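Quick caveat, the model's predicted, so the values are computed rather than measured. Quick note: numbers below take in every heavy atom, side chains included, and nothing from hydrogens, waters or symmetry partners. Sequence lines set the chain letters: A, B, ... in the order given, protein chains first and strands last, and positions in each chain run from 1.
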Amino acid sequence: RLLAPVDAPLLIWTSRPTPFLSLALRGLMSWWEEEKYEAGIKWKFLEHKGPYFPPEYNPLPENLNFYYNGEKLKLGLRAEEVALYFAQMLDHEYTTREVFRNNFFKDWRKEMTLEERMLITDLEKCDFGEYHNFHKQKVEERKNRTKEEKQVLKEANQKITDEYGFCMLDHHRERIGNFKIEPPGLFRGRGDHPKQGLLKKRIRPEDVIINCSKESHVPEPPAGHQWKEVRHDNTVTWLASWTDNVQGATKYVMLNANSKLKGEKDWEKYEVARQLKSRVDGIRAQYKDDLKSKQMGTRQRAVALYFIDKLALRAGNEKEEGETADTVGCCSLRVEHIMLHDSLDGEKCVVEFDFLGKDCIRYYNKVPVTKRVFKNLKLFMENKQPGDDLFDRLNTGMLNKHLSSLMPGLTAKVFRTYNASITLQQQLKELSNGEDPPEKLLSYNRANRAVAILCNHQRAPPKSFEQSMANLQAKIEGRKEQLTLAKAELKKAKKEAKGNSDTKLQFVVEKKKKAMQRCEEQLLKMEVQATDREENKEIALSTSKLNYLDPRISVAWCKNMEVQLDKIYNKTQRDKFAWAIHMTEKDFEF
DNA sequence: GTCGAGACTTAGAAATATGCCG
DNA sequence: CGGCATATTTCTAAGTCTCGAC
């Protein structure tokens with residue numbers, strides 16, 4: 001375990017607690033300048049108002065009807081509410097899926113009265129049309145709200161945030177990340193999820209555990225209700241929790257990313273990754289050596305580590321079958337997920353990966369590997385069925401146990417952080433040659449993009465992508481014409497001014513020149529933007545920026561390149577990375 | 001060693017806000 | 001100044017990893 005980040009300013013000031021404490025107490029110090037608590041203790045004082053509950057169900061107007069088999073039918077309140085969840089989603093592809101429909105129907109029937117259940121036995125015979133239209137109408141109304149109405153709503157929301165969105169943690173007033181209890185609805189899993197469509201039930205105060213300090217004012221449950229439990233556990237960071245009925249998982253109310261608790265953890269994460277930097281050569285030498293081991297388990301571990309390091313694959317924990325979509329990571333790869341090519345496209349020993357990873361995002365890649373890795377893979381695949389585990393003698397527990405013996409704090413995911421950050425740093429060095437601001441930004445985005453590609457961070461292309469590209473192209477053409485015109489005018493003005501000492505004419509030349517240059521600049525800016533956008537069509541940059549790239553690399557780059565920080569980090573991101581912005585100098589090296 | 005619960009980070013989609021252009 | 005594209009925020013699912021019971 002790390003006690004303190006490697007090159008952190010001196011944090012442990014136990015020898016002079018008084019001035020330190022008073023500053024901290026008065027809120028004059030930033031958290032990254034404060035002393036840390038002993039291992040495992042996350043806070044000494046925690047006070048909050050409890051989570052915010054969504055409004056109760058508001059019954060539909062009397063005149064709205066549901067039809068079963070063409071017959072008008074008045075549903076009871078509970079059945080009506082759940083039916084509306086489904087009706088609201090009718091425009092979504094989800095509601096056409098067999099699994100979604102069956103799951104919904106099964107759970108919906110549980111909410112029905114006995115009579116309703118006797119009657120309604122076939123989802124195909126259900127007509128939610130009026131519910132659906134009612135919902136669409138509501139959405140339309142929401143869209144058409146006047147400025148004044150929007151303002152009123154905004155203020156009401158702000159009031160809720162002011163009251164429930166903050167807590168006191170030690171001497172800091174901190175923003176809470178998700179202080180709103182998740183509203184009920186139909187479960188929307190990603191990809192081919194076996195539980196899609198199941199009813200996600202309404203959470204009541206009786207389901208919620210509150211965590212706060214003993215000496216704090218315990219939050220009041222909503223009128224007429226009780227909390228499930230109030231506990232005072234300062235070894236955890238959550239303020240409230242409940243169990244989700246669909247997956248049986250615990251959900252938490254936690255602090256915002258700009259908080260002390262989250263920030264410290266983030267900082268520590270990058271410090272561990274930097275430690276890996278200085279040890280990675282040795283670790284690579286070792287797993288290369290392990291490829292020859294007599295122990296099959298060791299060899300499998302070595303190949304897995306090779307993939308995790310080279311391709312930034314996730315660890316790949318086992319998953320409970322039938323509970324989630326069928327996705328894999330490194331350790332859970334199956335024989336069917338890779339194909340071996342002795343030679344492909346002029347390269348030798350090529351492994352072709354094709355599998356669904358986290359969030360059912362497809363990982364597809366063709367990678368040349370070393371002979372030894374290739375031979376090992378052949379061996380691991382011998383006499384196996386497509387559905388068998390590739391690494392049958394390995395799991396994430398064993399892998400991480402081994403890693404933590406190589407370096408304290410080292411786990412599989414540290415390689416992702418390390419490789420992402422080091423790639424950004426290298427790319428920024430290679431790509432940036434002092435140019436115009438838009439070109440510098442393009443370089444930054446390209447470096448970011450290299451990381452996003454490494455980590456396989458994808459997105460659905462924006463709906464209006466083609467249109468917006470075409471618009472931009474048209475604008476570029478327009479600007480080009482304008483530039484030609486501007487150039488011609490400049491030439492003309494120069495000609496007129498030549499051999500003429502009239503300062504007025506000289507002045508005109510200057511003016512035309514400026515106009516031409518401005519035009520040129522704008523054209524360049526647009527062309528750069530077009531390139532950037534095209535390259536970014538199916539790549540999501542935000543995930544790596546937020547979770548994998550040591551912000552100090554970016555802050556140092558901005559300082560060196562004289563780029564405004566807000567060109568690469570928006571307000572939220574600057575808040576989250578305040579610690580890095582505060583402490584980073586030009587010479588920072590990851 | 002194995003297993004499941006628990007706690008926390010990482011993820012892309014969807015909703016909402018912003019701002020730009022005619 | 002309104003409509004639309006883009007940027008930001010919100011939402012919550014889906015991972016990783018640790019720990020304690022057996």
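- In summary, A:E271 and A:R552 engage in a salt bridge, as defined by a charged side-chain N under 4.0 Å from a carboxylate O.
- Regarding contacts with the backbone of B:dA11, a side-chain N or O of A:Y548 is found under 4.0 angstrom from either OP1 or OP2.
- Considering only side-chain atoms of A:W238, the nucleotide from B:dA7, B:dA11, B:dT16 that sits closest is B:dA7.
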For nucleotides 20-22 of chain C, which of its nitrogen or oxygen atoms have a protein nitrogen or oxygen under 3.5 Å away, and what is each distance?
none

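- With sequence neighbours left out, A:W242 forms a ring pair (Phe, Tyr, Trp, His ring centres under 6.0 Å) with no residue at all.
- Residue A:T396 is out of contact with every strand shown, counting any heavy-atom pair closer than 4.0 Å.
- Taking the six-membered ring for Trp and the full ring otherwise, A:Y164 and A:H48 have centroids separated by 6.0 Å or more.
- Comparing A:V414 and A:T572 along DNA chain C, the residue whose closest nucleotide (by nearest heavy atom) sits nearer the 5' end is A:T572.
- Going from atom CG of A:N317 over to atom C1' of C:dC19 covers 14 Å, rounded to whole Å.
- In this structure, the ring pair (Phe, Tyr, Trp, His ring centres under 6.0 Å) partners of A:F86, at least two apart in sequence or on a different chain, are A:F104, A:F128.
- Salt bridge A:R299/A:D290: absent, no basic N to carboxylate O contact under 4.0 Å.
- A side chain to side chain contact (heavy atoms under 4.5 Å, CB included) with A:F577 is found for one member of A:D266, A:V555, A:L549 and no other, namely A:D266.
- For A:E182, taking side-chain heavy atoms from C-beta onward, the closest of the listed nucleotides C:dC17, C:dT12, C:dT16 is C:dT12.
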